Amino acid sequence: MKKILKIFIITTLLILIPAGAAVYFLTKSDDKTGEFDSHRRQEQSDQSDSHAYRFETDSLSTPLARDGENKNVLNFDANQPFTIANSQASRDRLNRLIRRLDATFEEPIIAYNPFGTMPNTYYFYFKTTYNCMVKYTVTVADEKISDHIRYVNNGAVKNLTNTHEFTVGGLIPGMTNYIVIELVDENGSHREDITYKAEVPPVSQPTSISYERGKSDLQLQNGLFFLMPKQDPGIYIYDNNGMMRGVVATESDHGRRIYQTESRIVYQVSPTRIIRANRLGEIDGVALISGLGEVLDFAYDGFENIFALTRNGDRYYLVRSSMKDSSSKNIFTFDKKMIPTSISSVSGGDLYVSMANPTGLMRIDGLMSTRPRPGLVIGLKDDWKKTSIKKKVADPTVTKKPKEDESGAGETDEDESADDASGDDEAATGSGADVDEKAPPILGWDMSDTILDLVQDESDGRTDTLTFSVVKDRLVHAVKCQINRKKKSAVLLLDKEVEFNGQVAVQWGARGSCVIANLERGHYEERDEDFKVTREYSFDSAMDGLWKRNLEGFCFFI
């Protein structure tokens, strides 16, 4: 019996010890992964004090030379860069080089802005003998300027691969930039590195923007600010510390909006041309708006379709264009004397239009159908009574009569809406709300300068949340408005007076933070969910638009 018990104990220990060890090491691995994820996010926030430049950095770096005896960078012709044909020709040339050359980490293929869309960027391609990820650091000799650090998103499992193709951005114009290309393992541990040196010419806009810290203790959201100055066709990229980190080239016009999808950015490059580019700057979609005036605003549905607000004479139109063949078609004509100011991004095949005359919010349904039409208008009935869509108006200032059921009891649509959405509304409002429930949406609003932004991550298929600014009693208000599609009602989630005037752009981000820009003054702020200022910036020149994009999953592995 003792012998059997002894054998049982030994067998149990032999099973439990390896199992326990496996659990321990798996847990330790998870801990390391979690620590690395947190560390990586902080590094890429552009808010750290890291400074990789050392006294010996210059002497140990390899100059990136585009001509001369020591040339190691390829140049590409870009006479007509904003076409799919040009991008395809550049892609074909790169593919031929990749097949012909055995590019290694020590001897990579390097090209300057091969697709012509992103000045002051360098394309890299090489293979490694082991799976790893690439981290690059852009540093300068000025110790007051923090490093720009990014982990390249290569799309592989755990972001580990032996084939590396990426574009290095973040170089500061008018300075000598040092680029540290580093290979790291899945936990961020260093394997190898090489340092390059690049001289970057100055640009027309300031290299740095002054800023002041606000009263909020909230950390700024990761991302880059895309500024669109008036009288300048370029789009300029600034980090959280106000340093310029790149330029997005256009043909002749930047418009006022830029979209980011999981793997693409979409933006305007001329009064009638909108392009889609991947993380390397390669164009894989072009939409042309022809025959009905220039683009005033546009929306992207995430697939192949662009919807543009245009004006031709005294009439406004909504035009649909395909990135597959660049064909365009008028899909909705606004009544005479109707004045739309902007359109939102697409939600469930529909989009919203902000209206200055008559004042209101209009939803246009069935964008891909043969006959898109207004499905809902949030506005004052008296203002819309002379329009062709007056029957679509839901007036938030009018109390609907109760509906009698078979038992004689009544319940209003508003009561049903409140019962259905009360939990969502309360959660969405948060501590930052400052809503006067006695003042329904639209009442007293001037929407002449409104620019809509759809908060898609707060849409549950039944409600849409829009953010924008309005003028009320001569003061600019930042507004967050939730529209219930089923009940055809609108609820104010936030209505905050701001210190700005003129045209103001409002964009809500993660954790309730928002970016507010005074486009006329070139002043912009990031605020927390309590509407306290986290940081305010002074560009000091008028802008057509400003958007903050994180580029997560598009360029950078987070």
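Values below: all heavy atoms of this structure, side chains included; hydrogens, waters and symmetry mates excluded. Here the structure is a predicted model, which is why all the values come from computation and not from measurement.
- Between Trp508 and Phe531, the ring planes lie parallel to each other; the angle is under 30°, not in the 30° to 60° tilted range.
- With Tyr211 as the aromatic partner, Arg535 meets the cation-pi criteria of under 6.0 angstrom to the ring centre and within 45 degrees of the ring axis.
- Without hydrogens or angle criteria, Gln260 side chain to Leu551 main chain gives a donor-acceptor distance under 3.5 Å.
- Ionic pairing of Glu499 and Arg527 is present here: one or more N-O contacts between side-chain nitrogen and carboxylate oxygen are shorter than 4.0 angstrom.
- A salt bridge does not link Arg521 to Asp540: none of the charged side-chain nitrogens sits closer than 4.0 Å to a carboxylate oxygen.
- There is a side-chain donor-acceptor pair under 3.5 Å between Ser342 and Ser354.
- No donor-acceptor pair closer than 3.5 Å links the side chain of His148 to the backbone N or O of Asp46.
- Donor-acceptor pairing under 3.5 Å is recorded for the side chains of Tyr236 and Ser204.
- Nearest heavy-atom pair across Pro372 and Gly366 is CG-O, 3.3 Å.
- Remark: Lys337 does not engage Asp335 in a salt bridge, criterion side-chain N to carboxylate O under 4.0 Å.
- Not one N or O on the side chain of Ser513 forms a donor-acceptor pair closer than 3.5 Å with the backbone of Asp528.
- Between Lys336 and Asp314 there is no salt bridge, since none of the side-chain N atoms of the basic residue sits less than 4.0 Å from a carboxylate O of the acidic one.
- Ring orientation note: the planes of Trp445 and Phe468 are nearly perpendicular, at an angle over 60° on the 30°/60° scale.
- Judged purely by atom type and a 3.5 angstrom limit, Tyr238 has no side-chain atom pairing as donor or acceptor with the backbone of Asn241.
- In terms of heavy-atom proximity, Leu367 sits nearest to Asp350 at CD1-C, 3.7 Å.
- Under the side-chain contact (heavy atoms from CB on, under 4.5 Å) test applied with Leu292, the options Leu318, Thr272, Asn312 reduce to a single match, Asn312.
- Contact check for Glu251 versus Pro233: no side-chain heavy atoms found under the 4.5 Å cut-off.
- Between Ala249 and Val269, the closest heavy-atom pair is O-CG1, 4.4 Å.
- Tyr316 and Arg311 share a donor-acceptor pair across their side chains, judged by distance under 3.5 Å alone.
- Side-chain N/O atoms of Gln44 and Asn222 include no donor and acceptor closer than 3.5 Å.
- The closest side-chain donor-acceptor pair between Gln42 and Gln219 falls under 3.5 angstrom.
- Evaluated for a ring-ring contact (aromatic ring centres under 6.0 Å, His included) with Phe225, the options Phe539, Trp547, Tyr537 yield exactly one hit, Tyr537.
- Salt bridge Asp464/Arg485: present, at least one basic N to carboxylate O contact under 4.0 Å.
- The two atoms that bring Met244 and Pro173 nearest to each other are SD-CG, 3.4 Å, heavy atoms only.
- The pair Glu304-Arg320 fails the salt-bridge criterion, with no side-chain N (NZ, NE, NH1 or NH2) lying under 4.0 Å from an Asp/Glu carboxylate O.
- Leu309 and Pro340 make their closest contact through CD1-CG, 3.7 Å (heavy atoms, listed as atom of the first residue, atom of the second, distance).
- When side chains are defined from C-beta on, Leu227 counts as touching Ile209, because their heavy atoms get closer than 4.5 Å.
- Using a 4.0 Å cut-off between charged side-chain N and carboxylate O, Arg373 and Asp365 make no salt bridge.
- You'll find the ring centres of Phe307 and Tyr300 outside the 6.0 Å limit.
- Ion pair Arg150/Glu43 not flagged as a salt bridge, since none of the NZ, NE, NH1 or NH2 atoms sits closer than 4.0 Å to an Asp/Glu carboxylate oxygen.
- Under a 3.5 Å cut-off, the side chain of Arg257 and the backbone N or O of Val266 do not form any donor-acceptor pair.
- A salt bridge links Asp284 with Arg276: the closest approach of a Lys/Arg side-chain nitrogen to an acidic carboxylate oxygen falls below 4.0 angstrom.
- Proximity of a side-chain donor or acceptor of Asn518 to a complementary backbone N or O of Asn501 within less than 3.5 Å is detected.
- Using modelled atom types, one side-chain atom of Asn278 and one backbone atom of Glu282 make a donor-acceptor pair closer than 3.5 Å.
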